[in-house]
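Worksheet: one structure, shown below.
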Number of protein chains: 2
Amino acid sequence: MAVQADHALRDAGLRATRQRRTVLAALRDRSDAVTAQDLHGELRAAGEPVGLTTVYRTLTALADADFLDVFVREGEQAFRLCGDQHHHHLVCEVCGKVEELEADQVEQWVREVAGRRGYQVTGHRADIFGVCGECS
Amino acid sequence: MAVQADHALRDAGLRATRQRRTVLAALRDRSDAVTAQDLHGELRAAGEPVGLTTVYRTLTALADADFLDVFVREGEQAFRLCGDQHHHHLVCEVCGKVEELEADQVEQWVREVAGRRGYQVTGHRADIFGVCGECS
DNA sequence: CTGCCGATGAACATCGTTGTCATCTAGTGC
DNA sequence: GCACTAGATGACAACGATGTTCATCGGCAG
């Protein structure tokens with residue numbers, strides 16, 4: 001696993017440091033999105049000495065490399081490990097759990113609309129917010 | 001027009017002040033999204049004495065009343081006057097122009113997915129980013 | 001017209017995030 | 001192994017967006 005993490009980091013053009021491995025491992029263990037500050041707090045509480053700046057930089061770097069999804073809520077950004085394929089999200093607003101979705105219907109809609117209006121598509125996003133079965 | 005603006009404000013439970021009319025008028029004149037700071041700067045430059053705090057408060061209040069759409073880009077939020085019906089967006093990343101879309105396909109997809117996974121839907125968003133005909 | 005209460009705005013406080021810089025270390029070449 | 005160097009770290013400062021305060025102003029109901 002540590003090896004996998006190293007490869008992932010290497011692929012992103014990043015060195016495999018203890019701090020980065022720690023951050024990646026922490027992200028692997030959860031299906032909800034975390035804030036840099038929260039993650040930093042948890043790592044510190046777990047006895048992992050990692051600087052706040054480093055957590056921010058690591059998360060940003062991983063997000064830039066498309067390893068993480070970024071959610072913006074209430075003025076702060078939360079990160080979450082994600083698949084490497086294009087996908088959409090189903091987010092539980094109570095427990096914060098995130099499920100990834102494929103959506104051919106949406107992809108098709110995007111192509112249709114953009115084509116009809118003469119736009120060249122550079123990207124799109126489609127997310128659903130709700131309350132999952134367990135939380136309701 | 002001023003009367004319309006007053007009604008709009010009244011409907012939102014807000015008093016029709018000179019500053020709010022000014023902000024609303026400025027928003028009416030553009031189809032791209034503006035930042036509170038930018039709008040404040042422009043109003044000041046145009047000789048309209050409006051406080052930054054007031055611009056923030058007015059935009060937030062109008063957004064809460066669903067008069068404005070809120071976009072988040074690069075850590076700051078941009079506001080844009082929008083129709084009162086639920087809609088999606090087609091955004092030109094070059095000129096910033098925003099077109100509103102209706103999308104039954106998307107609505108249907110949302111219901112399907114949520115239903116299948118046992119979620120109660122509280123909201124969703126679907127936006128397309130691209131380059132419009134004029135800009136490409 | 002008058003009074004009340006919401007609205008304003010300048011100054012200040014806060015909070016998430018990014019920049020700085022001296023120090024450290026992963027990973028390469030020997 | 002070993003030394004070297006570019007990249008990484010982290011304590012701290014700085015920054016920009018937004019929240020708060022409070023004295024003052026003005027919309028609008030009566």
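Order of the sequence lines sets the chain letters (A, B, ...), proteins ahead of strands, with each chain counted from 1.
Thr17(A) places a side-chain N or O within 3.5 Å of a backbone atom of Arg20(A) that can act as its donor or acceptor partner. At distances below 3.5 Å, not a single donor-acceptor pair connects side-chain atoms of Glu93(A) with backbone N or O atoms of Thr122(B). Panel note: side chain Arg80(B), backbone Val70(B); no donor-acceptor pair is recorded below 3.5 Å.
Taking Phe129(B) as the reference, nothing meets the ring-ring contact (aromatic ring centres under 6.0 Å, His included) condition, with sequence neighbours excluded. In terms of the salt bridge (Lys or Arg N to Asp or Glu O under 4.0 Å) criterion, Arg15(B) has no residue partners (sequence neighbours excluded). Partners of His40(A) under the ring-ring contact (aromatic ring centres under 6.0 Å, His included) rule, at least two apart in sequence or in another chain, do not exist in this structure. Taking Glu76(A) as the reference, nothing meets the salt bridge (Lys or Arg N to Asp or Glu O under 4.0 Å) condition, with sequence neighbours excluded. Under the rule for a salt bridge (Lys or Arg N to Asp or Glu O under 4.0 Å), the partners of Glu99(B) that lie at least two apart in sequence or sit in another chain are Arg117(A). In this view, His87(A) and His89(A) satisfy the ring-ring contact (aromatic ring centres under 6.0 Å, His included) rule, not counting sequence neighbours.
Taking atom CZ of Arg73(A) as the reference point, atom P of dC15(C) lies 18 Å away to the nearest angstrom. Distance, Arg20(A) CZ to dT25(C) C1': 12 Å, rounded to whole Å. Between the CG atom of Asp64(A) and the C1' atom of dT18(C) there is a distance of 14 Å, given to the nearest Å.
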Which donor-acceptor pairs under 3.5 Å do the side chains of residues 45-68 of chain B make with protein atoms, sequence neighbours left out?
| from | atom 1 | to | atom 2 | distance (Å) |
| --- | --- | --- | --- | --- |
| Tyr56(B) | OH | Gln37(B) | NE2 | 3.0 |
| Thr58(B) | OG1 | Thr54(B) | O | 2.7 |
| Thr60(B) | OG1 | Tyr56(B) | O | 2.8 |

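The end-to-end axis angle of the helix from dC1(C)-dG30(D) to dC30(C)-dG1(D), rounded to 10 degrees and based on five pairs per end, is 50°.
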Quiz item: Taking it one step at a time, do His88(A) and His124(A) satisfy ring pair (Phe, Tyr, Trp, His ring centres under 6.0 Å)?
Solution: CA-CA 10 Å; His88(A) 301 288; His124(A) 67 276; 5.2 Å; yes
Practice problem: Give the intermediate values and the outcome of side-chain hydrogen bond (donor to acceptor under 3.5 Å, both in side chains) for residues His86(A) and Glu107(A). | Solution: CA-CA 10 Å; His86(A) 172 74; Glu107(A) 311 300 327; 3.2 Å; yes
Can you tabulate the close N/O pairs, meaning under 3.5 Å, that link protein atoms to atoms of nucleotides 26-30 of chain C?
| from | atom 1 | to | atom 2 | distance (Å) |
| --- | --- | --- | --- | --- |
| dA26(C) | N3 | Arg15(A) | NH1 | 3.3 |
| dG27(C) | OP1 | Ala16(A) | N | 3.2 |

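Taking 4.0 Å as the cutoff to heavy atoms of chain A, we find the contact window on DNA chain D bounded by dA6(D) to dC12(D).
If you chain together ILVMFWY residues whose side-chain heavy atoms come under 4.5 Å of each other, Ile128(B) ends up grouped with Leu90(A), Leu101(A), Val106(A), Trp109(A), Val110(A), Val113(A), Tyr119(A), Val121(A), Ile128(A), Leu90(B), Leu101(B), Val106(B), Trp109(B), Val110(B), Val113(B), Tyr119(B), Val121(B).
Residues of residues 32-62 of chain B having a heavy atom closer than 4.0 Å to DNA chain D, listed by number: Gln37(B), Thr53(B), Tyr56(B), Arg57(B).
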